[in-house]
Structure formats: structure tokens, C-alpha cells
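Here's the structure we're looking at; comments come further down.
Predicted model only: the values in this text are computed from it and were never measured. As a basis for the values below, the full set of heavy atoms in this structure was taken, side chains included, without hydrogen atoms, waters or symmetry mates.
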Amino acid sequence: MSEYRIAENMEVSLHFRLRLEDGTEVDSTFDKTPATFQVGDGNLPPGFERPIMGMAAGETGSFTVTPEHAFGQHNPQNVQTVARKSFDDEIEVGMVMSFAEPSGSELPGIIREIDERDVKVDFNHPLAGRTLTFEVEVLSVAPATTH
């Protein structure tokens, strides 16, 4: 019986943990259902797929992923000023809200500042600009099946 290794078009099930530079955990599946995805399907940024290539079930690893290979650098152009009157009274700094794009899709934004006239909304990914530690435990690897 051959042991499959992570490669393009393989279905992978794994536990992962994401930590910030200071060790703060921002996400983990170790205490819940593992993540299952097809390599190359876009569920994981390439910077998270690349380091696990070649791993097999039962293997573990810890990888440093720079912002360019994770969620990008923080882009000041993604911080927009919106008229305060466009919001109801129930907003506060740090709140994540959903905004409609012209295409009809939704885009999350974080409220950064509020004054009587304007609200600054940050549309960068919350982990943009952060170097992350990506820890994995590979549970299974198999050829992907198409439905």
C-alpha cells in the first residue's frame, strides 16, 4: 500500500494552529473538526500550501509564513472614510461589519475610528502585515475525487 504525500489535486485533512509573532494563537482546529481541503482549490493561501507539500499522514510541522505569502501587507489605501450618517448609532471601534460591493458581494470591514462626521473603515484582512507561525498535523492524504 503506497503512502500518499501532499501534492496538487490531493485531498488533505489536517489540524492546524496559527500564531502571531508574539505567540498569541489566532486560530486552531486542534480542539475541533480538522480542516479538509483540496490542494490548489484556493482555500489556503499558497504560502500555507507550499510548506506542507510532500508531507504524509502522521507528520507534523511548524512553518513561518511572511505577510507576502499569507494575507498580504497592510495597504493604507484599503482604509476608507465613510460618512457617519451612513451608519446607525450602534457602531463602535473594533466592530467588524459587512459592506456591499458594487458587484453585489459582501466585504468585511473593521471600524477603526469614529467621530461626529466620519467613520474610518479598514478593509485589509485582519492578519494583513503579520508574520504567522503555521503548525500542522497531517491526518490524511488521498487523491481528490470530483463529484
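For the residue pair Asn75 / Asn124, no side-chain donor-acceptor distance below 3.5 Å is found, with atom types taken as modelled.
Within the 4.5 Å cutoff, the side chain of Val12 has no heavy atoms near those of the Tyr4 side chain. Side-chain contact between Val119 and Ile91 is present, with heavy atoms from C-beta onward closer than 4.5 Å. Annotation: side chain of Val39 is in contact with side chain of Ile6 (closest heavy-atom distance under 4.5 Å). Side-chain atoms of Glu21 and Arg130, non-hydrogen and from C-beta on, do get closer than 4.5 Å to each other. At a threshold of 4.5 Å between non-hydrogen side-chain atoms, the residues Pro34 and Ser13 count as touching. The shortest distance between side-chain heavy atoms of Pro143 and Met10 falls below 4.5 Å. Side-chain atoms of Val82 and Phe87, non-hydrogen and from C-beta on, do get closer than 4.5 Å to each other.
The OG1 atom of Thr145 sits 6.0 Å away from atom CD of Glu11, with the distance rounded to the nearest 0.5 Å. The CD atom of Gln73 lies 14.0 Å from the NE2 atom of His125; values are rounded to the nearest 0.5 Å. Atom CG of Leu18 sits about 8.5 Å away from atom CD of Glu25, to the nearest 0.5 Å. Distance NE2/His69 to OG1/Thr131: 11.0 Å, rounded to 0.5 Å.
Between the His15 side chain and the Thr29 main chain, a donor and an acceptor come within less than 3.5 Å of each other. At least one donor-acceptor pair closer than 3.5 Å links the side chain of Gln80 to the backbone N or O of Gln77. The main-chain N or O of Lys120 is never found under 3.5 Å from a side-chain atom of Glu113 such that the two would form a donor-acceptor pair.
Aromatic ring centroids of Phe16 and Phe48 lie 6.0 Å or more apart.
Linking Ile, Leu, Val, Met, Phe, Trp and Tyr whenever their side-chain heavy atoms come within less than 4.5 Å leaves Val96 and Ile114 in two separate clusters. Transitive grouping of hydrophobic side chains (ILVMFWY, heavy atoms separated by less than 4.5 Å) keeps Met95 and Val79 in distinct clusters. With hydrophobic clusters built from ILVMFWY side chains whose heavy atoms lie under 4.5 angstrom apart, Leu139 does not share a cluster with Met53. When the side chains of ILVMFWY residues are joined at heavy-atom separations under 4.5 Å, either directly or via intervening members, Phe134 and Phe37 end up in a single hydrophobic cluster.
Across all non-hydrogen atoms, the minimal contact from Ala70 to Leu132 is CB-CD1, 4.1 Å. Nearest approach of Ser98 to Glu106, heavy atoms of both residues: OG-OE1, 2.5 Å. The two atoms that bring Pro126 and Ile110 nearest to each other are CG-CD1, 4.0 Å, heavy atoms only. The two residues Pro51 and Pro46 have their closest heavy-atom pair at CD-O, 4.3 Å.
Applying the side chain to side chain donor-acceptor pair (under 3.5 Å) test to residues at least two apart or on different chains, the pairs with a partner in residues 44-63 are Arg5-Glu59.
Classification of Glu116 and Arg84 as a salt-bridged pair fails, no side-chain N sitting under 4.0 Å from a carboxylate O. Ion pair Asp122/Arg112 flagged as a salt bridge, since at least one NZ, NE, NH1 or NH2 atom sits closer than 4.0 Å to an Asp/Glu carboxylate oxygen.
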Next item on the list: Just do the side chain to side chain contact (heavy atoms under 4.5 Å, CB included) check on Leu14 and Glu137 with the steps written out, would you?
Entry: CA-CA 6 Å; Leu14 54 73; Glu137 176 188 355; over 6 Å; no

Check: Can you check salt bridge (charged side-chain N to carboxylate O under 4.0 Å, His left out) on Arg19 and Glu135, steps first, answer last?
Finding: CA-CA 8 Å; Arg19 293 184 192 271; Glu135 300 169 18; 3.0 Å; yes

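Between Leu127 and the choices Leu20, Val65, Asp27, the side chain to side chain contact (heavy atoms under 4.5 Å, CB included) rule is met once, by Leu20.
A cation-pi arrangement is found for Arg17 relative to Phe30, the charged atom lying closer than 6.0 Å to the ring centre and inside a 45° cone about the ring normal.
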